[in-house]
**Q** 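Got a structure for you, questions after.
Here is how names work: the chains are called A, B, and so on, in the same order as the sequence lines, proteins then strands, and each is numbered from 1. Given the structure is predicted, the values throughout are model-derived calculations rather than measurements.
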There are 2 protein chains.
Amino acid sequence: MLRSMEQDLHATVAGHLRRYDQRYTNGRRALVEILAAAGRPVTIAEVLAGGAVPAQSTAYRNLSVLVQAGVVRKVFGGDDLTRFELAEELTEHHHHMVCVNCGSIEDFTVPNRLEQSLDKLFGQVSETTGFRPQGHRLDVIGTCGNCG
Amino acid sequence: MLRSMEQDLHATVAGHLRRYDQRYTNGRRALVEILAAAGRPVTIAEVLAGGAVPAQSTAYRNLSVLVQAGVVRKVFGGDDLTRFELAEELTEHHHHMVCVNCGSIEDFTVPNRLEQSLDKLFGQVSETTGFRPQGHRLDVIGTCGNCG
DNA sequence: AATTATAATAAGAACGATTCTCAAAGCAAG
DNA sequence: CTTGCTTTGAGAATCGTTCTTATTATAATT
């Protein structure tokens with residue numbers, strides 16, 4: 001079960017990369033596994049701390065490739081460090097709790113009812129303005145359990 | 001009318017700064033006026049482009065002071081540039097349309113009904129996790145009128 | 001007004017996260 | 001196994017941001 005989910009994940013990633021003429025190398029696979037295991041947005045420092053990704057420059061470059069391929073998403077917000085997470089296509093639509101004190105970010109989800117309200121609203125926004133919505137980002141700002 | 005609103009604005013800012021033993025200098029007043037006039041989050045480059053704020057280092061320092069005093073808020077999200085806007089106390093609770101293409105950010109507001117749903121939800125979040133919500137951030141991601 | 005103490009400014013140096021360069025290593029196809 | 005092309009890794013370069021420091025402005029006090 002766990003194994004088949006992982007197979008799906010890697011197959012999907014490989015497909016996305018192929019579409020961009022990019023190979024799914026061991027290094028890139030390691031990155032995807034780190035992000036999948038984390039379950040929350042991680043910094044470059046956290047990626048490197050595991051030891052599975054040896055070179056910082058490669059980590060940045062490959063994350064950038066994965067972002068372009070639509071597999072990974074950049075997350076800003078807590079502090080001045082960029083964080084990375086798997087794209088929602090590979091996880092689930094979710095949101096972030098951002099700690100104003102330490103900058104850490106955790107995931108959470110909201111009821112479908114509310115998500116639907118939001119989507120409806122954004123449809124209206126697109127009618128009013130020239131803006132074309134593709135998705136949304138809902139973060140709760142506050143202090144995390146460690147800092148509170 | 002416009003004039004009295006501006007007086008209120010500056011009086012409020014001055015009060016906040018005083019509480020932090022900070023002066024409301026001409027340079028800081030210029031910053032506040034730029035942010036108030038913009039009506040959307042602006043980058044340092046945009047702040048300097050006006051010419052009213054001569055030194056980049058001073059702009060950064062003063063914006064940082066204003067952030068600490070609770071007068072200004074940092075906004076991340078579009079590209080890798082930090083943007084600044086007046087704190088909600090001085091404007092109104094609002095949200096952002098973030099262009100994935102050019103990084104520009106525009107303001108918008110949502111119906112009270114929905115805001116209340118969000119606030120209720122975050123109360124529940126705080127009960128479930130150790131996280132203490134202070135506020136939220138709701139951004140629409142998409143392409144702006146210029147880029148779409 | 002002059003004095004003094006403290007805070008703010010401006011220019012550039014320093015810093016740090018991210019990106020770029022390029023030689024070496026890896027991989028796929030003939 | 002070559003040949004051609006991609007990826008890797010180490011470090012240099014870049015660029016947004018912060019820090020340092022000498023100078024200038026401000027406020028308070030005589």
**Q** Answer yes or no: are there more than 12 heavy-atom neighbours, outside A:Arg29 itself, under 6.0 Å from its atom CZ?
**A**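 Enclosed: over 12 neighbouring heavy atoms sit under 6.0 Å from CZ of A:Arg29.
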**Q** Starting at atom CG of A:Leu66, determine the distance to atom P of C:dT18, rounded to an integer number of angstrom.
**A** 16 Å
**Q** Roughly how many Å is it from CG in B:Asn62 to C1' in D:dT18, rounded to a whole number?
**A** 14 Å
**Q** Which listed nucleotide (C:dT9, D:dT8, D:dT18) is nearest to the side chain of A:Thr58?
**A**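 Selected nucleotide: D:dT8.
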**Q** Quick check on contacts: within residues 20-32 of chain A, what sits under 4.0 Å from DNA chain D by heavy-atom distance?
**A** A:Gln22, A:Arg23, A:Thr25, A:Arg28
**Q** Less than 4.5 Å apart, any side-chain heavy atom of A:Leu63 and any of A:Leu35?
**A** yes
**Q** Return the value, rounded to whole Å, for the distance between atom CD1 of A:Ile44 and atom P of C:dT19.
**A** 9 Å
**Q** If you only use heavy atoms from C-beta on, which nucleotide in D:dT8, C:dA10, D:dT18 is closest to the side chain of B:Ala55?
**A**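 From the listed options, C:dA10 comes nearest.
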**Q** To the nearest angstrom, how far is B:Asp80 atom CG from C:dC20 atom P?
**A**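 It is 11 Å, rounded to the nearest whole Å.
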**Q** Would you check if there is a donor-acceptor pair between the side chains of B:His10 and B:Glu33 at a distance under 3.5 Å?
**A** yes
**Q** Looking only at side-chain atoms of A:Leu81, point me to the closest of D:dT8, C:dA17, C:dT9.
**A**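 For the A:Leu81 side chain, the nearest candidate turns out to be C:dA17.
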**Q** For A:Leu48 and D:dG9, give me the distance from atom CG to atom C1', rounded to whole Å.
**A** 12 Å
**Q** Grab the two heavy atoms, one from A:Leu138 and one from A:His95, that are nearest each other, plus how far apart they are.
**A**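 Shortest heavy-atom separation between A:Leu138 and A:His95 comes out as O-CB, 2.9 Å.
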**Q** Counting heavy atoms from C-beta on, name the nucleotide in D:dT17, C:dT18, C:dT9 closest to the side chain of B:Arg61.
**A** C:dT9
**Q** Send over the distance from A:Gln68 CD to D:dT7 P, rounded to a whole Å.
**A**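 Distance, rounded to whole Å: 12 Å.
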**Q** Side chain of B:Ser57 only, please: which of D:dC19, C:dT19, D:dG9 is the nearest?
**A**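 Closest nucleotide among those given: D:dC19.
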**Q** When you check the side-chain N and O atoms of A:Glu115 and A:His136, is any donor under 3.5 Å from an acceptor?
**A** yes
**Q** Sort out for me which residue in B:Glu89, B:Gln68, B:Gln22 forms a side-chain hydrogen bond (donor to acceptor under 3.5 Å, both in side chains) with B:His16.
**A**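 With B:His16 as partner, side-chain hydrogen bond (donor to acceptor under 3.5 Å, both in side chains) holds for just one option, B:Glu89.
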**Q** Judged by each residue's nearest nucleotide on DNA chain D, which is more toward the 5′ side, B:Thr82 or A:Val53?
**A** A:Val53
**Q** Mind checking whether A:Ile44 and A:Thr82 have side chains closer than 4.5 Å, heavy atoms only?
**A** no
**Q** Verify the neighbour count for atom CZ of A:Arg132: are there more than 12 heavy atoms of other residues, nucleotides or ligands below 6.0 Å?
**A**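 Check fails, neighbour count at 12 or below.
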**Q** Figure out the CD/P separation between A:Gln56 and D:dG9, and round it to whole Å.
**A** 13 Å
**Q** Just how far, in rounded Å, is P of C:dG12 from OH of B:Tyr60?
**A** 17 Å
**Q** Answer yes or no: is there a side-chain heavy-atom contact under 4.5 Å between B:Leu66 and B:Leu17?
**A**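 Result yes, sub-4.5 Å side-chain heavy-atom pair found.
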**Q** Based on the rotation axes of five pairs at each end, what angle does the helix from C:dA1-D:dT30 to C:dG30-D:dC1 bend through, to 10°?
**A**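 Comparing the axis at each end, I get an angle of 30°.
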